[in-house]
Every structure is written in C-alpha cells, then in structure tokens.
Amino acid sequence: MTAAAPKPEILAAFEAAKGFMPAGEGLALYEAAVAAGALGLPLLEVGTYCGRSTVLLADAARAAGVTAVTVDHHRGSEEQQPGWDYHDPETVDPELGVMDTLPLFRRTLRTAGLEDHVIAVVGRSPQVARIWNSPLGLVFIDGGHTDEHATADYEGWAPHVAEGGLLLIHDVYPDPEDEFTGQAPYRVYLRALASGAFTEVSATDSLRVLRRTGAGVRGPG
C-alpha cells in the first residue's frame with residue numbers, strides 16, 4: 001500500500017473525538033482506507049461509537065471520490081454499559097437513561113467538515129448486512145467483542161469485500177488473558193486467514209489489515 005497520512009486538521013479531529021483507537025492504529029487505518037479507495041467502491045465500518053475512526057475513513061473516502069458508510073445501533077457495546085470500565089456517562093441520554101452516541105457522532109462529523117462524505121446507518125450490523133447487496137472496497141470490523149457479535153460481523157460483511165479490497169479487524173489480541181476485550185476479534189482474524197479468501201497485509205498493534213485474494217467466506221463454518 002502507498003504510504004498516506006491525514007492532514008493535521010483531520011488528525012486533530014480524530015484525536016479530539018471520543019473513542020479508543022490510538023493514533024498509531026488510526027494512521028494505519030487511514031493508509032489502508034486510502035489504498036482501498038482506489039477501487040472506487042464504498043468504505044464501510046462496523047462500530048461507529050462517536051465517530052473517531054469515521055473521521056479518517058471519511059477523509060480517505062472524500063479524497064477518493066467515494067462514500068464512507070458506518071453501521072451502529074448507537075446504544076453501546078457490552079463493555080460500554082454502566083458499571084463497565086469503558087462506560088462514559090456523557091454518552092447516556094439524560095431523558096431515557098440509555099446510551100445514545102448518535103448525537104456525539106454527528107457533532108464529530110460536523111466539526112470535522114465531513115458530513116457530506118458519510119452515510120450513517122443506524123441499526124444492528126447483522127440486520128443491515130442481510131439487506132446489503134453491493135461490493136465494498138474496505139470493511140472495518142470494530143463492533144462488539146463477544147464471539148456472537150464478532151462472528152456475525154465477519155459473516156455478514158466479509159463476503160461483500162471486493163476482489164483486491166481490504167478487510168480490517170480491530171482489537172485483535174492473541175493473549176488469552178484478553179478474553180473479554182480481544183479474543184473474539186482474534187478468532188475472527190484467524191478464521192479469515194484460514195478461509196483462503198484473505199491474505200495479511202499488515203499488523204499495527206491490535207489492528208490487522210487483510211486483502212481479499214480469493215473466493216470464499218460464505219455462511220457459518
């Protein structure tokens with residue numbers, strides 16, 4: 001992939017947004033998104049939260065003349081709920097008492113000047129994937145960390161990655177001590193490699209970048 005880096009104002013918007021992706025992984029995500037944008041197809045992420053990574057995808061999409069798509073129900077994943085380490089009280093709707101990261105996400109995009117380059121799909125990943133029927137230049141899996149959710153994201157979206165397109169998986173932690181935070185994404189990553197459909201391109205901390213180089217990835221198994 002050709003080295004690419006976001007402009008300072010885009011990197012500043014990324015760093016100012018709520019989220020958990022460190023800058024090093026963000027730069028690797030941006031580089032992959034720029035490379036995938038050359039295919040002329042949409043770039044899609046699963047797991048929006050408050051739009052931190054979306055800023056980078058959207059800017060890469062803007063440069064390539066394509067669209068970034070982000071899918072999330074905006075009610076937070078398991079570890080973001082009250083009582084867990086990753087919970088942020090500012091993401092709770094004060095009237096309903098439940099998480100709602102959609103307003104924060106929209107504020108992030110507005111501040112970064114990227115609203116016109118993103119389609120935000122509010123819904124659960126498997127439901128959206130079932131009705132999706134277009135090829136994608138990039139799929140970035142960064143949703144729930146249970147086996148149920150990570151597997152559903154992989155099975156739902158990996159088949160839509162175009163030949164030569166990229167599959168990115170975040171929070172890949174091989175150490176069994178990270179069972180809750182990264183073992184499910186790690187198992188999905190291993191499954192992608194074992195499928196014969198994807199070849200690893202790079203690894204940056206917990207981010208894995210794979211390229212579709214073969215057929216496969218259909219249904220469970």
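The closest side-chain heavy-atom distance from Asp72 to Val122 is not below 4.5 Å. Looking at Ile169 and Val188, their side chains come closer than 4.5 Å, going by heavy atoms from C-beta outward. In this structure, Leu29 and Leu207 have side chains that are in contact, with non-hydrogen atoms separated by less than 4.5 Å. In this structure the side chain of Leu210 never reaches within 4.5 angstrom of the side chain of Thr199, judged on heavy atoms. Val69 is not listed as a side-chain neighbour of Val118, based on a closest heavy-atom distance of 4.5 Å or more. Contact check for Arg187 versus Asp147: side-chain heavy atoms found under the 4.5 Å cut-off. Taking the side chain as every heavy atom from C-beta outward, His117 and Thr67 never approach each other to under 4.5 Å. Considering only heavy atoms from C-beta on, Asp100 comes within 4.5 Å of Arg75 through its side chain.
One N or O on the side chain of Gln183 and one on the backbone of Asp175 form a donor-acceptor pair closer than 3.5 Å. Thr101 places no side-chain N or O within 3.5 Å of a backbone atom of Leu104 that could act as its donor or acceptor partner.
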Run the numbers on Asp59 and Arg62 for side-chain contact (heavy atoms from CB on, under 4.5 Å), then give the verdict. CA-CA 5 Å; Asp59 187 63; Arg62 172 171 60 182; 2.6 Å; yes
Verify side-chain contact (heavy atoms from CB on, under 4.5 Å) between Trp132 and Trp157, making sure each step is shown before the conclusion. CA-CA 9 Å; Trp132 191 272; Trp157 292 106; 3.5 Å; yes
Assess the residue pair Tyr49 and Phe20 against the criterion (ring pair (Phe, Tyr, Trp, His ring centres under 6.0 Å)); give the C-alpha distance rounded to whole Å, side-chain angles, the decisive distance to 0.1 Å, and a yes or no. CA-CA 10 Å; Tyr49 193 52; Phe20 310 101; 5.2 Å; yes
Run the side-chain contact (heavy atoms from CB on, under 4.5 Å) test on Val71 and Leu44 for me, step by step, so that the C-alpha distance in whole Å, both residues' side-chain angles and the decisive distance to 0.1 Å come before the verdict. CA-CA 8 Å; Val71 180; Leu44 182 142; 4.2 Å; yes
Applying salt bridge (charged side-chain N to carboxylate O under 4.0 Å, His left out), run through Glu155 and Arg191 and close with a yes or a no. CA-CA 10 Å; Glu155 291 181 353; Arg191 180 176 167 186; 2.9 Å; yes
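Note that the CD atom of Glu200 and the OG1 atom of Thr213 stand 12.0 Å from one another [nearest 0.5 Å]. Atom CG of Asp153 and atom CD of Glu45 lie 11.5 Å apart (nearest 0.5 Å). The line from CG of Leu41 to NE2 of His160 is 13.0 Å long, rounded to the nearest 0.5 Å. To the nearest 0.5 Å, the span separating CG on Asp171 from CE on Met21 amounts to 7.5 Å. Expressed to the nearest 0.5 Å, how far CZ of Arg52 lies from CD of Glu15 amounts to 6.5 Å. Here the straight-line distance linking atom CG of Leu43 with atom CG of Leu136 works out to 8.5 Å at 0.5 Å rounding.
In summary, Arg107 and Glu115 do not engage in a salt bridge, as defined by a charged side-chain N under 4.0 Å from a carboxylate O.
Placement of Leu39 and Val201 in two distinct hydrophobic clusters is found when ILVMFWY residues are connected by side-chain heavy-atom separations under 4.5 Å, directly or transitively. Hydrophobic clustering (ILVMFWY, side-chain heavy atoms < 4.5 Å, transitive): Val161 and Leu190 are in one cluster. Following chains of ILVMFWY side-chain contacts shorter than 4.5 Å, one can reach Leu57 starting from Tyr30, so the two form part of one hydrophobic cluster. Linking ILVMFWY side-chain heavy atoms closer than 4.5 Å, directly or via other members, places Val46 and Val128 in a single hydrophobic cluster.
The minimum heavy-atom distance linking Ala192 with Leu167 is given by the pair CB-CD2, 4.1 Å. Of all heavy-atom pairs spanning Ala36 and Leu138, the tightest one is CB-CB, 3.8 Å. The minimum heavy-atom distance between Ala13 and Val55, with the atom names listed, is CB-CG1, 4.1 Å. Of all non-hydrogen atoms in Pro185 and His170, the two that sit nearest each other are CB-O, 3.4 Å. Pairing each heavy atom of Ala32 with each of Leu168, the nearest pair is CB-CD2, 3.9 Å. Closest of all the heavy-atom pairs between Leu27 and Pro6 is CD2-CD, 3.6 Å.
The only option from Thr54, Thr108, Asp142, Thr70 that meets the side chain to side chain donor-acceptor pair (under 3.5 Å) definition with Thr48 turns out to be Thr70.
No close placement of the Tyr154 and Tyr189 rings is indicated, their centers lying 6.0 Å or farther apart.
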